[in-house]
Amino acid sequence: MLRATDVSLSYDEEAVFRDLSIEVGEGEVVAVIGPSGVGKTTLLRTLALALEPDEGAVTLDGTDAWAVDEAERLALRRRVGMVFQEASLFDGTVARNVEYGLRVRRSWSDRLASVLRLNGAADAVHESLEVVGLADKTDQPADSLSGGEAQRVSFARALAYEPDALLLDEPTSDLDPRNTAVIEEAIGEARDRGIGVVVATHDMHQAERVADRVAVLLDDGISEIGPTESIFEDPENERTRKFISGELVY
């Protein structure tokens, strides 16, 4: 369970969010929707343990990431994966990119074994590329990929090391329908593997398709969070209803 409890965070004394609480459980997909600039990316970076909140706690399986030493916090960070809006691939092959996350998250002895292909790393790379439909491009240079293919490799890289939680920041905003469908299917595969997924998206139809629960981020907090069908068909909060219907314009 990855959980933020009563979290507040400000930039230059301007609040991004106040007393915000959200959680994602094992094998669950939570979509975060809201207008552009409301703080969806900042929320994901907070859940990724990259930003320390001003107040509140961010916990993974009950351990407060900001109440432990740096070594333990790093160990917690390594259990959380993140895919950004724009793919960031390294020079080298597709397989080398996907394997990168496996290597940096392991001890030096395990990294040596990975080089020698004795610990199943190659299998993990192949399986994650199969999930995103790119198993036939293992040895292809990463810089030869299309934008959609590069984003799929970024997803495979995060999936390969089997994180406890996977955070996706507008992962399909620049993709065509085919690549979008592949990413959405991969989200389902991550859920089936027991990974908790939080996806920030401006596409409310996508949230309806992939999420078990939806959180609506408005102004400096979550106006409502609940089962996907309830949020879109019968929200309890009036501001949520207006945002979903398009009456609340930002």
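The figures that follow rest on heavy atoms only: side chains count, while hydrogens, waters and symmetry mates do not.
Heavy atoms only, all atoms of each residue included: Ala48 and Val80 are closest at CA-CG1, 4.1 Å. Contact detail for Ala135 and His126: the closest heavy-atom pair is CB-CE1, 3.8 Å. Here the closest heavy-atom approach between residue Met204 and residue Phe232 is recorded as O-CZ, 3.5 Å.
Partners of Glu70 under the side chain to side chain donor-acceptor pair (under 3.5 Å) rule, at least two apart in sequence or in another chain, are Arg73, Arg77. Residues passing the side chain to side chain donor-acceptor pair (under 3.5 Å) test with Asp212, sequence neighbours excluded: Arg191. A search for side-chain contact (heavy atoms from CB on, under 4.5 Å) contacts involving Phe84 returns Met82, not counting sequence neighbours. For the side chain to side chain donor-acceptor pair (under 3.5 Å) test, residues two or more places apart in sequence or in another chain that qualify with Ser144 are Gln140. For the side-chain contact (heavy atoms from CB on, under 4.5 Å) test, no residue two or more places apart in sequence or in another chain qualifies with Ser88.
Remark: Glu86 CD is loosely packed, at most 12 non-hydrogen atoms of other residues, nucleotides or ligands lying under 6.0 Å away. Annotation for Asp69: atom CG counts as buried by contact number, over 12 foreign heavy atoms lying within 6.0 Å.
In this structure the side chain of Lys242 never reaches within 4.5 angstrom of the side chain of Arg239, judged on heavy atoms. Side-chain contact check for Val216 versus Asn237: every heavy-atom pair is 4.5 Å or farther apart. Counting heavy atoms from C-beta outward, Arg209 and Asp203 have side chains that approach closer than 4.5 Å. Side-chain contact between Leu159 and Val132 is absent, with no heavy atoms from C-beta onward closer than 4.5 Å. Side-chain contact between Pro53 and Phe17 is absent, with no heavy atoms from C-beta onward closer than 4.5 Å. By the 4.5 Å heavy-atom criterion applied to side chains, Phe155 and Glu189 are not counted as neighbours.
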Please list, one pair per line, the donor and acceptor atoms closer than 3.5 Å that link side chains of residues 162-172 to other protein atoms, with sequence neighbours excluded.
unit_1, atom_1, unit_2, atom_2, d
Glu162, OE2, Arg193, NH1, 2.8
Asp164, OD2, Arg79, NE, 2.5
Asp164, OD2, Arg79, NH2, 3.0
Asp169, OD1, Thr41, OG1, 3.2
Asp169, OD2, Thr41, OG1, 2.7
Glu170, OE1, His202, N, 3.1
Glu170, OE1, His202, ND1, 2.8
Glu170, OE2, His202, N, 3.2
Thr172, OG1, Gln206, NE2, 2.8

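Ion pairing of Glu55 with Arg18 is absent here, as no side-chain N (NZ or NE/NH1/NH2) approaches a carboxylate O to less than 4.0 Å.
Cluster annotation: Tyr11 is connected to Leu217 through the hydrophobic network of ILVMFWY side chains, with a link wherever side-chain heavy atoms come within less than 4.5 Å.
The backbone N or O of Asp6 lies less than 3.5 Å from a partner atom in the side chain of Ser21, making a donor-acceptor pair.
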